[in-house]
Protein chains: 2
Amino acid sequence: MKKKVSIKDIAAQLNISITTVSLILNGKSKQVGLSEAQTERVLKYVEEIGYKPNMLAKSLRTGKTKIICLLIEDIADPFFSTVAAHVEELLNQHGYKIIYGSTKNQTAKAIELIDLFRDRHVDGFIICPPEGLESDITGLLNERIPLVLFDRYYKTIDTDTVIVDNLESACKAVNYLIEHNYKNIGFVTLDSEQTQMQDRLQGYEKAITDHGFTSYIKKLSFSKVNQTGIDDIVQFLTENPQIDALFFGTNYLTLKGIEALDRLELSIPGNMGVISFDDHDVFKLFKPGITAMAQPISQISEQMVNLLLEQIDSTEADRKRKKIIVPAIIRIRQSSVTKTDN
Amino acid sequence: MKKKVSIKDIAAQLNISITTVSLILNGKSKQVGLSEAQTERVLKYVEEIGYKPNMLAKSLRTGKTKIICLLIEDIADPFFSTVAAHVEELLNQHGYKIIYGSTKNQTAKAIELIDLFRDRHVDGFIICPPEGLESDITGLLNERIPLVLFDRYYKTIDTDTVIVDNLESACKAVNYLIEHNYKNIGFVTLDSEQTQMQDRLQGYEKAITDHGFTSYIKKLSFSKVNQTGIDDIVQFLTENPQIDALFFGTNYLTLKGIEALDRLELSIPGNMGVISFDDHDVFKLFKPGITAMAQPISQISEQMVNLLLEQIDSTEADRKRKKIIVPAIIRIRQSSVTKTDN
DNA sequence: GTGAAAGCGCTAACAG
DNA sequence: CTGTTAGCGCTTTCAC
C-alpha cells in the first residue's frame, strides 16, 4: 500500500516550494515565467512517481469538482440510458465526469437528489424534471449553478431547455395514420401535467380536430403503468371497439399496448394501426415493426452539453437563456401501413 | 444567491466554539457529554437555517466520500442499466451515492476510469471488468480499496465476486433444446477470453458432447457486433444449413440473430429454435416470445452491495474474499417449442 | 463540558 | 522568477 504523495512531498524532494510545483502542475509555468529547466524537472519527477493530485483538496479550494449531475427518470429506461451514454461521452471529452440519479419521476426523490448533489458541489445539472420542482430549480438558478432542463420544462421559469417539438410531432404521427386510412384513432398517454405530455396531447387533438374526427383518449397514471397499464388499455379498447389505430404517448406505453393487443388477440396492423412516440431499440425487430416518432437522442444530448458548457464558461451575469427545440423523426415501419377497408 | 453558511458561522452566531457544533452535528454530544440544552439549541438553529455541511471538506478530512463507483460495459445496455438501477437503490439505502462509468469493454477506457475515480477517493468499486485489467485490480486490492467484481472475474486474482453459473446455465439451455428435438444446435458467441463467455462456451460444448452431437460455433468480435454482426450470422447459417436451433451467448447477440433470421426469411421456431443467454425486457413481446436464461439481476445486485458493504465495514486485515454464484433462471417462451419432424 | 489549534492537500494573493 | 502564507470547511486531539 504505497503512501499517497502530496504536492508537499514533491516540493520537499525537489528542494523547491509548493507554489512552484502547483504552478507547474497547473500549466501556468509559462504564464508566470518559470524556467524551462525547472518545469521539465518537476514534470519529469511527477511523471516518474506517478503523482495524482487529490481532487478533493483541489475542489475544496477551487469550488470546482468537474462533475456534472444528470437527473433522469430512470436509468433502466432505454431512452434515458441512451441519453446518459451520450452525455457521458460528450462531457468526458471536456474533462467532466457525470454522476446520475433516477428520480422515478417523483418530486420528493428529485428534491432529495438535487440537494445531495448540490451539497457535493457538482459543477452543473442536466435535469429531466418531474412535476413540482419549480422552487428547487429556481433555487439552483439563484445560486448561479449551471442548469439545463430537457424532455420537459416549466412554463413559469426561464431556463436553458432542450426538447423535441412534441406538438408538431404528435400531430404528424396522427396525420400519418389518418392519411393511411385510419379513422378512429385512440391516444394512450399519461395522466400528467408535464409539458411534453400536454404538447403531445394537443398535437393529437389538433390532428383529430383538423379532420373532424372523434378523439378517444386514455390517460394512465404514471405510477401504475406497470401494475395496471395493460388492463387499462384492454378496458379502453373494449369500451371503444370502433378504434382502428392507436397512438402511444411514450415507448413504454407502446409496450404495454402491444401486450394488451396480444391479450385481445387483435393483430397489428390488420385490426389496429400503431404508432409510438419515442422509438425503442427493438421496435424494428417486432413483427410487424412498430412505427415511431423518434427523438434524436444524439442531437438532444449534444445540445444539452453545449448549453451547459456555455453556462459554465459564461462570464456575463445575465446570459440570455436558450430554448432549443429539435425535430423528432418518423421511422416508418409496418405497424401503420395503409388500412384496407373491408 | 444566499451565501453558504459554514460551521464557523453557526459557532459565531451561537457564541460557542466550532468544536461544539461539529461534535453535535456528528451525533457525538452524548458520547462526549455535552449538555442537552446546548445540543438542542444547535440542532434547532441548524435546522432553522437549513445548514448543509460541505461534503468536500468533510471528505478531505475523513478520507471518506460516501460515493461508490460502478463500472459497467455500457449504461445503455438493458442488463447493465438494470443492474445500475438496483445497485443505486440499494446503496442509497446505506447513504451511498453511485457514480458510474461505461468501459465499452475497453481495457484502456477502464483503466482511465478506475484511476479517475480512485483519484476522486470513491469509497469502493463495483466493476464488470474487461480483459487485461489484472494489474489495476491488484493495485486497488493493495490499496485496500473495497472492490467487487461481477459478471466475470480473473482466475489469477482473489477478489470478491458475483457471477451466475454460466457453465451450468448454458448447458441447461442447450439441453432444453435437445430435449425438444433440436439436433443441430449452433452457438453464437463472442470472440472473448472472458470467464463468462468461456464458461458459456464450455456449457454448450458439454451439452453437445454429452449427446454426441456436432457443435457449430460462431464467434463474433465484440467491437464489430454492431457493424457486421448480422452479416456474420447470416453467413454462418448459410454455411451450415443443417442448423435447426441457435443458442446465443448474450441478449444483444440474440437481437442480431433475430435480424439475421428475418433477412434469411427463416421463421422461429418453425425453421429455427432460439434460446438467448440473458433475458431482455422485450423478449416476451416478440412473436414468438424468445426463451431466455435470465440472470437474476436483483439477486446479483443485492449480493454485490452486501459484499461491498462487508468490505467497507470490515476491520480485519485479512478478511476472506468471497465468490458468490447465483443460478440463472430459464424463462420458457415459444421460440423453443418442440420441433416437429418433417 | 467546552475551546483552541493543527492539519487534510491544494491554490492564489502577495512579497521579495 | 520563486517562496511564504493564508485559507477552503471540516474533524479531532489535547488542554483548560
Side-chain angles (χ1 to χ4, degrees), chain A residues 2-43 45-46 49-67 118-123 143, chain B residues 2-43 45-46 49-67 118-123 143:
Chain A
K2 65 180 173 220
K3 207 176 134 295
K4 267 279 176 193
V5 304
S6 80
I7 204 171
K8 193 158 77 181
D9 302 324
I10 298 176
Q13 195 65 33
L14 260 37
N15 264 317
I16 51 177
S17 86
I18 287 178
T19 315
T20 312
V21 179
S22 173
L23 254 23
I24 292 173
L25 255 27
N26 288 315
K28 298 195 179 153
S29 43
K30 271 271 150 48
Q31 189 181 319
V32 189
L34 284 167
S35 77
E36 277 286 315
Q38 191 74 286
T39 307
E40 280 292 297
R41 193 165 77 105
V42 172
L43 252 26
Y45 180 71
V46 160
I49 61 169
Y51 163 78
K52 293 293 181 60
N54 182 327
M55 297 307 284
L56 289 173
K58 203 165 176 162
S59 296
L60 175 59
R61 187 56 232 243
T62 61
K64 300 274 158 250
T65 52
K66 287 284 178 179
I67 295 180
R118 185 179 30 191
D119 289 350
R120 290 219 146 73
H121 296 240
V122 297
D123 288 351
E143 292 189 44
Chain B
K2 66 180 172 221
K3 207 175 136 293
K4 265 280 176 194
V5 303
S6 79
I7 204 171
K8 193 159 79 182
D9 302 323
I10 298 176
Q13 196 65 32
L14 260 37
N15 264 317
I16 52 177
S17 85
I18 288 177
T19 316
T20 310
V21 180
S22 172
L23 255 22
I24 292 173
L25 254 27
N26 288 315
K28 298 197 177 149
S29 43
K30 271 271 150 48
Q31 191 181 317
V32 188
L34 284 168
S35 76
E36 277 287 315
Q38 191 75 285
T39 307
E40 281 292 297
R41 194 164 76 103
V42 173
L43 253 24
Y45 180 71
V46 160
I49 61 169
Y51 163 80
K52 294 291 181 62
N54 181 326
M55 296 308 284
L56 288 172
K58 202 165 179 162
S59 295
L60 175 60
R61 187 58 230 243
T62 60
K64 299 274 158 253
T65 52
K66 288 285 178 179
I67 295 181
R118 184 178 32 191
D119 289 350
R120 288 216 147 75
H121 295 241
V122 297
D123 288 351
E143 293 189 44

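Reminder, nothing fancy here: chain letters follow the sequence lines and each chain counts from 1.
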| message | Under the rule for side chain to side chain contact (heavy atoms under 4.5 Å, CB included), what residues qualify as partners of B:S59, not counting sequence neighbours? | response | A:L56, B:T65
| request: I would like to know whether A:H121 and A:T62 meet side-chain contact (heavy atoms from CB on, under 4.5 Å); could you show each step before the answer? | output: CA-CA 11 Å; A:H121 296 240; A:T62 61; over 6 Å; no
| query | CZ of A:R120 versus C1' of D:dC8: gap in Å, rounded? | reply | 18 Å
| task | Starting from P on C:dT2, measure out to CD1 on B:I18 and report it in whole angstrom. | result | 16 Å
| task | Rounded to the nearest angstrom, tell me the gap between atom NZ in B:K30 and atom C1' in C:dG1. | result | 14 Å
Quick test: give all pairs of protein nitrogen or oxygen and nucleotides 14-16 of chain C nitrogen or oxygen below 3.5 Å, distance rounded to 0.1 Å.
none

| request: Have a look at the helix from C:dG1-D:dC16 to C:dG16-D:dC1 and give the angle its two end axes make, five pairs each, rounded to 10 degrees. | output: 50°
| said: Return whichever of B:T62 or A:T62 has its heavy-atom-nearest nucleotide of DNA chain C closer to the 5' end. | reply: B:T62
| task | Report which part of the nucleic acid A:S6 touches: base, sugar-phosphate, or nothing (heavy-atom distance under 4.0 Å, all strands). | result | sugar-phosphate
| query | Given B:N26 and B:K58, is the side-chain contact (heavy atoms from CB on, under 4.5 Å) satisfied, shown in steps? | reply | CA-CA 11 Å; B:N26 288 315; B:K58 202 165 179 162; 3.9 Å; yes
| said: Can you see if the side chain of B:Q38 gets near the phosphate of C:dG1 - specifically, an N or O under 4.0 Å from OP1 or OP2? | reply: no
| said: Does C:dG3 have OP1 or OP2 under 4.0 Å away from a side-chain N or O of B:T20? | reply: yes
| Below 4.0 Å: OP1/OP2 of C:dA12 and any side-chain N or O of A:K28 | yes
| query | So, is A:Y51 near the phosphate of C:dG9, with a side-chain N or O under 4.0 Å from OP1 or OP2? | reply | no
| field | Value rounded to 0.5 Å, distance of CG in B:D123 from CD1 in B:I67 | value | 8.0 Å
Ignoring hydrogens and angles, write down the donor-acceptor pairs under 3.5 Å from the side chains of residues 29-36 of chain A, residues two or more places apart or on other chains.
unit_1	atom_1	unit_2	atom_2	d
A:K30	NZ	A:E36	OE2	3.2
A:S35	OG	A:Q38	N	3.1

| B:I24 CD1 to D:dT12 P: how many Å, rounded? | 15 Å
| query | D:dG9 C1' sits how many Å from B:D9 CG, rounded? | reply | 10 Å
| For C:dG1, does OP1 or OP2 lie under 4.0 Å from any side-chain N or O of B:S35? | no
| request: Could you give me the CA-CA distance, side-chain angles and deciding distance for B:K52 and A:R118, then say whether side-chain contact (heavy atoms from CB on, under 4.5 Å) is met? | output: CA-CA 10 Å; B:K52 294 291 181 62; A:R118 185 179 30 191; 5.5 Å; no
| Between the base of D:dG7 and the side chain of A:R61, is there a donor-acceptor distance below 3.5 Å? | yes
| query | For C:dT11, does either OP1 or OP2 sit under 4.0 Å from a side-chain N or O belonging to A:S22? | reply | yes
Give every donor-acceptor pair under 3.5 Å between a side-chain atom in residues 10-18 of chain A and any protein atom, sequence neighbours left out.
unit_1	atom_1	unit_2	atom_2	d
A:S17	OG	A:T19	N	3.3
A:S17	OG	A:T20	N	3.3
A:S17	OG	A:T20	OG1	3.1

| request: Rounded off to whole Å, could you give me the CG-to-P distance for the A:L56 and C:dT11 pair? | output: 13 Å
| Phosphate oxygens OP1/OP2 of D:dC8: is one of them under 4.0 Å from a side-chain N or O of B:N54? | no
| Between A:K8 and C:dC10, does any side-chain N or O lie under 4.0 Å from OP1 or OP2? | no
| request: Please name the pair of heavy atoms, one in A:Y51 and one in A:I7, separated by the smallest distance, quoted to 0.1 Å. | output: CE1-N, 4.0 Å
| field | Distance (rounded to the nearest 0.5 Å) between B:L60 CG and B:M55 CE | value | 12.5 Å
| In whole angstroms, how far is the P atom of D:dT4 from the CD1 atom of A:I7? | 14 Å
Below 3.5 Å between N/O atoms, which protein atoms pair up with nucleotides 13-16 of chain D? Just atom names and distances, please.
none

| If you find the nucleotide of DNA chain C closest to B:I16 and the one closest to B:A57, which residue's nucleotide is nearer the 5' end? | B:I16
| What's the NZ-C1' distance between A:K52 and C:dG9, to the nearest Å? | 16 Å
